[in-house]
Amino acid sequence: MRHGVKHELFDRPLPVNSWLLFLRAVLGCALASQNGPNTLNVPKPRDAASSRRAALRATFWFGAGIVACPNLLAHLATPRVAFVNPGRSDQEYWLTATKAMQAASNSLGIALEVQYAERDHLHMVDLVREIARRPASRRPDYLVLVNERRMGGEMLKYAAGAGIKCVFAFNTLLPGDREQFGRPREIFPLWLGSIVPHAEDAGYLTANALIERGLRERRFAADGKLHMVAIAGDRSTESSILRNQGMERAVREHQHRVVLDQTVYADWQRDVAAAMVKELFVRYPEAVLVWSGNDLMALGAMAALSASGGRPGIDRWFSGVNTSREALQELIDGRLEALAGGHFMAGAWALVMIFDHAYGRDFADEGTELDRAMFTLFDAPLARRFVARFGDRAPALDFRRHSKALNPDVRQYDFGFASLL
């Protein structure tokens, strides 16, 4: 076993010699001081020349200690990160995303600030503008941004003008924005990169689970096929587009047995989805599969069926994405057929990347635009474990084992969700 002293932040053993160098530096600084009580009870230098020599010795030993043990800098410079959360401060999905980021910041020793845009994409830009206009001493070192309603480029401009490094999480810039803004570290050198969940997985996993249930139940229409309707989020956000593509891929794989009657857009809203699905049920009475791009829209659609006397999970089957407490309970109770989640961790993984960048292990060695599989298809036992682990407070998770800076042997990030449970 190696002998050493455990670093409070990194929890890794450091060589005793490095600590001795650092302690000698502190002692040298005390010896060089001419003011205040001599708390170390050592003789003060007798003349000005001795004082200068003592100061030079202190500087030398301080530098030697830092060179011998660079991780000591963690005590001297804590990365400051601000997250502009596009959601509402009472919206469960975005609160869960914040909890995950708080868990990561606690584990890694990052100073985290969270500002909520309250589902107003223009207010997101206002928040970034306010942060950029702060005095330099009050600005964060890094910003975590979400490209909602294609506002990412505008936020990037303000951040770059203030010298703040940026990482996009959840959604990054769309291909149509690249001519103006380029790729990370090109036109905007302080745009370091992005980490986004592979959103197509969510659409595919949930649609495939719905289809499999329908095939098992043999709930075919008069044409001998299963009929599905889809409630999507919006037409412009990358995650919405990709979830739809995943759902459509699952339908194509079963094209001889499944028909997608119509896709409508409910803007991620529960009440809008409820109103729309009522019309869809009238228009397509044989549609027994209802795919939704998030959990709120699924819950709205289920409520609409219940209000008309129908039974979710028996008369029609529903799917959703995200991990709200209500949706997880509906899954446990059997009323919701399929639920995918885990992507709320994207902000927490962004903090791991930022931590590594701040401490000299640039994530660019793996790429600047990371697209990772984060979605898990939940079943009832996994839903129960999730509720137990992610309660009302930020869970105590160890993100240090995911850091390349703290684990030099790590060559590729493991941003899977299931391992956290």
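All figures in this text were calculated on a predicted structure; none of them were measured in a lab. Note that the numbering runs from 1 along the sequence shown for the chain.
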Counting distance only, does the side-chain N/O of [X] pair as donor-acceptor with the main-chain N or O of [Y] below 3.5 Å?
X	Y	answer
Arg139	Ile164	no
Glu118	Ser89	yes
Asn244	Ala232	no
Asn407	Asp409	no
Arg178	Leu173	yes
Asn106	Gln102	yes
Ser403	Leu406	yes
Ser308	Leu305	yes
Ser306	Met302	yes

Next item on the list: Sequence neighbours left out, what passes side chain to side chain contact (heavy atoms under 4.5 Å, CB included) with Val272? Give chain and number order.
Entry: Ala266, Gln269, Met276
Note to self: Restricting to side chain to side chain contact (heavy atoms under 4.5 Å, CB included), what partner residues turn up for Glu154, sequence neighbours left out?
What the structure shows: Val125, Lys157
Next item on the list: Check step by step if salt bridge (Lys or Arg N to Asp or Glu O under 4.0 Å) holds for Arg243 and Asp234.
Entry: CA-CA 11 Å; Arg243 289 180 195 183; Asp234 61 63; over 6 Å; no
Is the closest basic N to carboxylate O distance between [X] and [Y] below 4.0 Å?
X	Y	answer
Glu148	Arg119	yes
Glu369	Arg183	yes
Glu326	Arg270	yes
Arg134	Glu113	yes
Glu330	Arg335	yes
Asp141	Lys165	no

Note to self: So, using salt bridge (Lys or Arg N to Asp or Glu O under 4.0 Å) as the criterion, who are the partners of Asp362 when residues are at least two apart?
What the structure shows: Arg185
Note to self: Tell me every residue that passes ring-ring contact (aromatic ring centres under 6.0 Å, His included) with Phe399, counting only those two or more places apart in sequence or in another chain.
What the structure shows: Trp349
Contacts table for residues 193-202: side-chain donor-acceptor under 3.5 angstrom, sequence neighbours left out:
| from | atom 1 | to | atom 2 | distance (Å) |
| --- | --- | --- | --- | --- |
| His198 | ND1 | Asp371 | OD1 | 3.0 |
| His198 | ND1 | Asp371 | OD2 | 3.4 |
| Glu200 | OE2 | Arg249 | NE | 2.9 |

Check: Which residue pairs pass the ring-ring contact (aromatic ring centres under 6.0 Å, His included) test with at least one member in residues 117-139, sequence neighbours excluded?
Finding: none
Margin query: By the ring-ring contact (aromatic ring centres under 6.0 Å, His included) test, which pairs, at least two apart or in different chains, include something from residues 315-343?
Written below: Tyr93-His343, His343-Phe375
Margin query: Distance to the ring centre below 6.0 angstrom and angle to the axis at most 45 degrees; does that hold for Lys404 and Tyr413?
Written below: yes
Check: Does Lys225 make a cation-pi contact with Phe220, if we ask for NZ or CZ under 6.0 Å from the ring centre and within 45° of the axis?
Finding: no
Next item on the list: In sequence, state the C-alpha distance, the side-chain angles, and the governing distance for Arg213 and Glu337, and then conclude on salt bridge (Lys or Arg N to Asp or Glu O under 4.0 Å).
Entry: CA-CA 8 Å; Arg213 180 61 187 267; Glu337 177 61 27; 2.7 Å; yes
Can you pull the salt bridge (charged side-chain N to carboxylate O under 4.0 Å, His left out) pairs that have at least one residue in [range], sequence neighbours excluded?
range	value
residues 289-313	Arg311-Asp315
residues 166-176	none
residues 343-358	none

About how many Å separate [atom2] of [Y] and [atom1] of [X], when rounded to the nearest 0.5 Å?
X	Y	atom1	atom2	answer
Met353	Leu192	CE	CG	8.5 Å
Thr96	Arg325	OG1	CZ	8.5 Å
Ile110	Ile354	CD1	CD1	6.5 Å
Ser292	Leu299	OG	CG	8.5 Å

Next item on the list: Step by step, work out the side chain to side chain donor-acceptor pair (under 3.5 Å) result for Thr98 and Asn85.
Entry: CA-CA 8 Å; Thr98 294; Asn85 189 321; 3.0 Å; yes
Does some side-chain heavy atom of [Y] sit less than 4.5 Å from a side-chain heavy atom of [X]?
X	Y	answer
Arg389	Arg385	no
Trp268	Met297	yes
Leu339	Thr206	no

Name each donor-acceptor pair under 3.5 Å that joins a side chain in residues 280-290 to protein atoms two or more places apart or in another chain, with its distance.
| from | atom 1 | to | atom 2 | distance (Å) |
| --- | --- | --- | --- | --- |
| Arg283 | NH1 | Gln262 | OE1 | 2.7 |
| Tyr284 | OH | Gln262 | OE1 | 3.0 |
| Glu286 | OE2 | Ala222 | N | 3.2 |

Provide the closest heavy-atom pair for [X] versus [Y] in the form atom of the first, atom of the second, distance.
X	Y	value
Met151	Met124	CB-CE, 3.9 Å
Val167	Ala350	CG1-CB, 4.2 Å
Ile131	Ala82	CD1-CB, 4.2 Å

Note to self: Within the supplied structure, the quantity of interest is the number of heavy atoms (other residues, nucleotides, ligands) at a distance under 6.0 Å from Arg216 CZ; does it exceed 12?
What the structure shows: yes
Check: Does Asp223 have any side-chain hydrogen bond (donor to acceptor under 3.5 Å, both in side chains) partners at least two apart in sequence or in another chain, and if so, which?
Finding: His227
Notebook entry, point to check: Mind checking whether Phe168 and Trp191 have ring centres under 6.0 Å apart?
Noted result: yes
